Amino acid sequence: QPGKQLPEFRGRVTLDGEVLHILGIITDTSRACEWAADCKESRDLKVMGPGDVVLYGRNGAPWPIADRDTVMRRRTRVLKPGAEYRVEYASHADLVPEVDDVVRIRDARVHFHLRRVDAQRTWVEYQLDLDPGGSIPKWVVRWASRGIPIDTLRSIQGQVRRTRGQYRDFVREWSVR
């Protein structure tokens with residue numbers, strides 16, 4: 001984006017997995033640390049409605065960098081029932097008090113766009129636009145962030161394999177939305 005100090009990152013790939021299974025993985029806050037890089041904690045704070053959740057996440061960082069945390073609202077939109085979905089995350093940093101010795105990410109926008117290719121494949125776009133805050137030099141952030149989209153998408157693919165059959169109730173519920 002012109003005029004921004006930090007770049008946005010986007011990854012696009014076709015994953016082996018049914019669209020609603022992948023949607024289930026992405027929206028399962030309690031299991032996000034199984035696939036999200038450096039995740040130390042992930043939990044729902046408040047369910048606002050179907051597909052609308054405020055969540056808390058904390059990511060570890062190597063010394064001397066402080067851990068980062070986020071408070072985000074996640075909204076899941078059905079674009080085409082059974083075929084296309086968009087999961088959007090936006091910072092709501094002031095909804096809960098900050099944690100000592102952890103830097104709160106105040107500026108973050110993330111989305112996943114999922115589109116069914118066929119019964120067993122899903123096109124996924126993952127885009128990340130955030131400022132980690134704190135006193136990390138911008139060049140370090142740019143360098144360290146480059147692999148996030150592809151690493152995240154690879155991890156989701158692994159999670160699809162590990163969780164086969166575990167999201168049946170979610171798939172049933174969302175297939176009628």
Side-chain angles (χ1 to χ4, degrees), residues 1-13 22-79 84-115 124-156 159 170 174 177:
Q1 294 287 340
K4 291 185 68 171
Q5 290 187 13
L6 296 172
E8 280 184 57
F9 293 98
R10 177 175 41 217
R12 293 177 177 147
V13 68
I22 294 171
L23 181 66
I25 290 168
I26 291 168
T27 59
D28 187 352
T29 309
S30 67
R31 295 182 72 178
C33 290
E34 294 177 20
W35 59 268
D38 303 318
C39 178
K40 290 177 85 170
E41 182 179 354
S42 181
R43 60 187 160 88
D44 290 341
L45 296 174
K46 184 174 184 181
V47 176
M48 310 296 281
D52 190 357
V53 177
V54 176
L55 57 94
Y56 175 83
R58 180 172 175 171
N59 285 67
W63 183 89
I65 298 169
D67 286 359
R68 298 307 196 255
D69 74 357
T70 58
V71 177
M72 301 187 75
R73 188 166 185 179
R74 180 186 67 222
R75 292 182 174 146
T76 304
R77 294 187 301 141
V78 178
L79 303 177
E84 190 170 2
Y85 302 85
R86 187 170 174 93
V87 182
E88 298 172 331
Y89 298 78
S91 291
H92 285 270
D94 296 322
L95 289 179
V96 298
E98 293 188 23
V99 177
D100 290 340
D101 300 323
V102 175
V103 175
R104 174 71 41 93
I105 295 175
R106 304 187 92 41
D107 180 18
R109 282 167 307 288
V110 177
H111 80 254
F112 288 92
H113 188 155
L114 287 72
R115 189 177 321 121
V124 180
E125 175 182 83
Y126 171 56
Q127 188 164 320
L128 174 69
D129 179 16
L130 69 81
D131 183 339
S135 59
I136 305 171
K138 301 298 184 204
W139 71 268
V140 172
V141 174
R142 284 191 294 273
W143 175 79
S145 301
R146 286 197 191 284
I148 290 174
I150 193 66
D151 292 344
T152 298
L153 293 167
R154 283 183 182 141
S155 293
I156 291 170
Q159 190 72 352
F170 178 90
W174 278 80
R177 289 185 189 219

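Bear in mind that the values here come from a model prediction, so they are computed numbers and not experimental data.
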Begin with the C-alpha distance, continue with both residues' side-chain angles, and end with the deciding distance and a verdict on side chain to side chain contact (heavy atoms under 4.5 Å, CB included) for His111 and Glu125.
CA-CA 8 Å; His111 80 254; Glu125 175 182 83; 2.7 Å; yes
Checking side chain to side chain contact (heavy atoms under 4.5 Å, CB included) for the pair Ile25/Arg31: CA distance, chi angles, key distance, verdict?
CA-CA 8 Å; Ile25 290 168; Arg31 295 182 72 178; over 6 Å; no
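A 4.5 Å side-chain heavy-atom check between His113 and Arg12 finds every atom pair outside the cut-off. Counting heavy atoms from C-beta outward, Thr76 and Trp174 have side chains that approach closer than 4.5 Å. In this structure the side chain of Leu45 never reaches within 4.5 angstrom of the side chain of Leu55, judged on heavy atoms. Residues Asp69 and Glu41 form no side-chain contact, since every pair of their non-hydrogen atoms from C-beta on lies 4.5 Å or further apart. Looking at heavy atoms from C-beta onward, Leu128 lies out of side-chain contact with Thr152 at the 4.5 angstrom threshold. Looking at heavy atoms from C-beta onward, Leu95 lies out of side-chain contact with Arg73 at the 4.5 angstrom threshold. Phe170 has its side chain within reach of Leu23: a pair of non-hydrogen atoms, C-beta onward, lies under 4.5 Å apart.
For Val13, the side chain to side chain contact (heavy atoms under 4.5 Å, CB included) partners two or more places apart in sequence, or in a different chain, are Leu15, Leu153. By the side-chain hydrogen bond (donor to acceptor under 3.5 Å, both in side chains) test, Asp101 pairs with no residue at all, sequence neighbours left out. In this structure, the side chain to side chain contact (heavy atoms under 4.5 Å, CB included) partners of Asn59, at least two apart in sequence or on a different chain, are Asp38. Checked against salt bridge (charged side-chain N to carboxylate O under 4.0 Å, His left out), Lys46 has no partners two or more places apart in sequence or in another chain. In this structure Phe112 satisfies the ring pair (Phe, Tyr, Trp, His ring centres under 6.0 Å) test together with Tyr126, sequence neighbours excluded. Partners of Arg74 under the salt bridge (charged side-chain N to carboxylate O under 4.0 Å, His left out) rule, at least two apart in sequence or in another chain, do not exist in this structure.
The two residues Trp35 and Ser155 come nearest to each other via the heavy atoms O-CB, 3.0 Å. Of all the heavy atoms in Ser42 and Ala32, the pair that sits closest is OG-CB, 3.6 Å. Contact record, Gly60 with Asp67: CA-OD1, 3.2 Å, taken as the closest heavy-atom pair. Taking both residues in full, the closest heavy atoms of Arg68 and Val102 are given as C-CG1, 3.8 Å, listed atom of the first, atom of the second, then distance. The minimum heavy-atom distance between Glu98 and Arg104, with the atom names listed, is CA-NH2, 3.5 Å. Taking both residues in full, the closest heavy atoms of Ala61 and Ala66 are given as CB-O, 3.5 Å, listed atom of the first, atom of the second, then distance.
The CZ atom of Arg77 sits 10.0 Å away from atom CZ of Arg75, with the distance rounded to the nearest 0.5 Å. To the nearest 0.5 Å, atoms CD1 (Ile156) and CD1 (Ile26) are separated by 4.5 Å.
Not one N or O on the side chain of Thr29 forms a donor-acceptor pair closer than 3.5 Å with the backbone of Arg43.
Taking the charged nitrogens against the carboxylate oxygens, Asp94 and Arg106 do have a contact shorter than 4.0 Å, which makes a salt bridge.
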